[in-house]
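Beneath this line is the structure, given in structure tokens, with notes to follow.
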2 protein chains.
Amino acid sequence: MKIIAVDAMGGDNAPKAIVEGVNKAIESFSDIQIQLYGDQEKIKTYLTPSDRVTIVHTDEKINSDDEPAKAIRRKKNASMVLAAKAVKEGQAQAVLSAGNTGALLAAGLFVVGRIKGVDRPGLLSTLPTNNQQGFDMLDLGANAENTASHLHQYAILGSFYAKNLRGIAQPRVGLLNNGTEETKGDPLRKETYDLLVADPSLNFIGNIEARDLMGGVADVVVADGFTGNAVLKSIEGTALSIMKQLKTSIKGGGIKAKLGALLLKDSLMDMKNSLDYSGAGGAVLFGLKAPVVKSHGSSDAKSIFYTIKQISSMLETDVVGQLVEEFSKETSSND
Amino acid sequence: MKIIAVDAMGGDNAPKAIVEGVNKAIESFSDIQIQLYGDQEKIKTYLTPSDRVTIVHTDEKINSDDEPAKAIRRKKNASMVLAAKAVKEGQAQAVLSAGNTGALLAAGLFVVGRIKGVDRPGLLSTLPTNNQQGFDMLDLGANAENTASHLHQYAILGSFYAKNLRGIAQPRVGLLNNGTEETKGDPLRKETYDLLVADPSLNFIGNIEARDLMGGVADVVVADGFTGNAVLKSIEGTALSIMKQLKTSIKGGGIKAKLGALLLKDSLMDMKNSLDYSGAGGAVLFGLKAPVVKSHGSSDAKSIFYTIKQISSMLETDVVGQLVEEFSKETSSND
């Protein structure tokens, strides 16, 4: 039985969306148990009772504008902190929250803890491509600064994720750079390039550019946290902006445009769905001793369901256990 | 009379698109003269004769895959190099090319030369926003690495551009960062933040995030060359990818979708146009002694026309002269 600790109070639609997502997951997957951390009365309003769901009541929660590290230290009974502690103490195997990202990163690092040998866990998400295969990118912003050695670890972490969660036997790893030639980039990229080329365990395909990401140029994209964060937000912002522009234009286009939009509804939905990667789950702070997964703040029940599915797959394939083994090898071989 | 040196041989559609763009510009603007550098016979095929256009013949040209610095050094008679030399020697006041970007950057730096006091000229473009106002962003990749002092100079350069070319009295300057709080970012961003806050000549509005760029959150966006390049390519890639996805979906959607697309044609064109910022001209290597402007490699005659219009405005408002004055003040006050 897989036991997942869920922060019921995090995110814009909590606890409703969280609990409804849990209801759906409990119905769909018979081998999971859920611990819901948060306000018992509110949770009960939405919960479909099941002997595989327990509620751990707490009045305290971390707000979206709380200063992350401070919140984790001071709000010791916050739903998110208790969920992370349950993992640390072996009562659960993974944490899910749609709350304050910074606080969840801090809870992951300071409560759940890093895998020995992983210097800086990275935030990883599966992002959409035109061919619907998606790509895994990290670090998306867990760190503001990274070294080449961190980036090398991201290539390894990302490859394990792509293998285990997406079933890609030899994930193509690309280094996000300002050009595709091997001599491109700043010193960080050049040093990372040399490390990736020299690692026979990786299927390194070289430097890639941000404009080719959605074309599916790589299965795993390695970036420093600052650039990865900027690229993720650029993709999101551009997609939202185009959708908004189209909506405004249809609205202002009179009856003809509205009729056109009606006839084109399926195609427009296709386009929208191609950008919606909630089916791939949430963002994983990868490199920790257990899956710590952030669902989007605006998550609905469907997103929560898919994030639980993702966590269930991570536990099923024991990707974290494999990482522990991999990095213990690396550590001892470095001795 | 403004004299512009144009590399007739650069870009995917050269010399046809270049010469046709020049024809249109000569017809529209009575106060410009154009020098066309390239293959005389080929140029003549497309050129509408005018006493304000001269051809400077050369057989040599820089190819898109030439190694930039080497090409500039070795191909001394390449159309792009001769155009840059004409500016250096005072025979022309600005350079336009749709050719090899790296080579044009090298020609700009090594032939035209930097303004005294500007350490690292930055690549600047006007990018689209939903409200059609656009924003100016730099550095978009002229440099792989930047210091806080460079970024401070980009804020000044970008403000001058927005004032002169877009008529914004007090351009709002934003620092691209991984969050909006003033404490966000890596050491480079923190140091830059302090420099920008302390400069009373700037209308600095603080940190901004990539997801808000197309929402028009700032008039001038300051980034290091590596991140700026990644963000630009992410925006381009996402927009192209969505358009492609929509096209594929309409094609596969049968007669209903095709009829819908027909009725929605104006709205879809609106959306497409909102992403097309060729009306704002090309990318300027800003901080040089004269305008050096790169038109997109895939430029058509219309893009070339708008880039000539942009250069004409830069000469009209003497933005470069103002920069020379500004940075001579800065240099002397630093002494």
Side-chain angles (χ1 to χ4, degrees), chain A residues 102 128-130 141 143-145 176-179 184-189 209-215 223 225-227 229-246 248-250 252-253 256-271 274-275, chain B residues 102 128-130 141 143-145 176-179 184-189 209-215 223 225-227 229-246 248-250 252-253 256-271 274-275:
Chain A
T129 57
N130 277 339
N143 303 281
E145 275 191 300
L176 189 77
N177 207 334
N178 57 4
K184 279 283 182 177
D186 55 358
L188 174 59
R189 254 44 68 161
E209 293 192 277
R211 73 157 65 85
D212 300 321
L213 294 180
M214 290 180 84
F226 191 87
T227 311
N229 188 265
V231 165
L232 174 71
K233 287 171 180 168
S234 300
I235 294 175
E236 286 179 357
T238 306
L240 279 173
S241 177
I242 292 177
M243 292 315 223
K244 198 175 153 188
Q245 183 70 38
L246 183 60
T248 309
S249 180
I250 290 172
K256 198 176 96 178
K258 283 192 191 76
L259 181 60
L262 202 66
L263 289 167
L264 210 54
K265 203 177 161 195
D266 292 343
S267 301
L268 294 173
M269 282 307 287
D270 275 358
M271 175 171 90
S274 80
L275 293 168
Chain B
T129 56
N130 277 338
N143 304 280
E145 275 191 300
L176 189 77
N177 207 333
N178 58 4
K184 278 284 181 177
D186 55 359
L188 173 61
R189 256 42 71 159
E209 292 191 275
R211 73 157 66 86
D212 300 321
L213 294 179
M214 290 180 84
F226 191 87
T227 312
N229 188 265
V231 165
L232 174 70
K233 287 172 180 167
S234 300
I235 294 175
E236 286 180 356
T238 306
L240 279 174
S241 176
I242 291 178
M243 292 316 225
K244 199 175 152 188
Q245 183 70 38
L246 183 60
T248 308
S249 179
I250 291 173
K256 199 177 97 176
K258 285 193 190 75
L259 181 60
L262 201 67
L263 287 168
L264 209 54
K265 202 177 162 195
D266 291 344
S267 300
L268 293 174
M269 283 307 287
D270 275 358
M271 177 171 90
S274 80
L275 293 169

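Just so we're on the same page: letters track the sequence lines, and every chain starts at 1. Because the structure is a prediction, the values reported are computed rather than measured.
Of the listed residues (A144(B), G237(B), S241(B), A261(B)), the one with the most heavy-atom contacts under 4.5 Å to chain A is S241(B). Listed options G253(B), G215(B), A230(B) were ranked by heavy-atom pairs under 4.5 angstrom with chain A; first place goes to A230(B). When the candidates L264(A), N177(A), T227(A), L176(A) are compared by the number of heavy-atom contacts under 4.5 Å with chain B, L264(A) comes out ahead. No other option in N229(B), I242(B), T129(B) has as many heavy-atom pairs under 4.5 Å with chain A as I242(B).
Both the backbone and the side chain of N178(A) come within less than 4.5 Å of a heavy atom in chain B. With a threshold of 4.5 angstrom between heavy atoms, K244(A) approaches chain B through side-chain atoms but not through N, CA, C or O. Contact annotation for L213(A): neither backbone nor side-chain heavy atoms come within less than 4.5 Å of a heavy atom of chain B.
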Query raised in the report: Between N130(B) and T248(A), does a side chain to side chain contact (heavy atoms under 4.5 Å, CB included) hold up when you go through it step by step?
Result: CA-CA 10 Å; N130(B) 277 338; T248(A) 309; over 6 Å; no
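Here the straight-line distance linking atom CG of L188(A) with atom CD of E145(B) works out to 9.0 Å at 0.5 Å rounding.
For the pairing with I235(A), the side chain to side chain contact (heavy atoms under 4.5 Å, CB included) check across T238(B), V231(B), I235(B) returns one residue only, T238(B).
Residues forming a salt bridge (charged side-chain N to carboxylate O under 4.0 Å, His left out) with E209(B) (at least two apart in sequence, or on another chain): K233(A), R211(B). Residues forming a salt bridge (charged side-chain N to carboxylate O under 4.0 Å, His left out) with D212(A) (at least two apart in sequence, or on another chain): none.
Side-chain contact between N143(B) and D186(A): absent, with no pair of heavy atoms (C-beta onward) separated by less than 4.5 Å.
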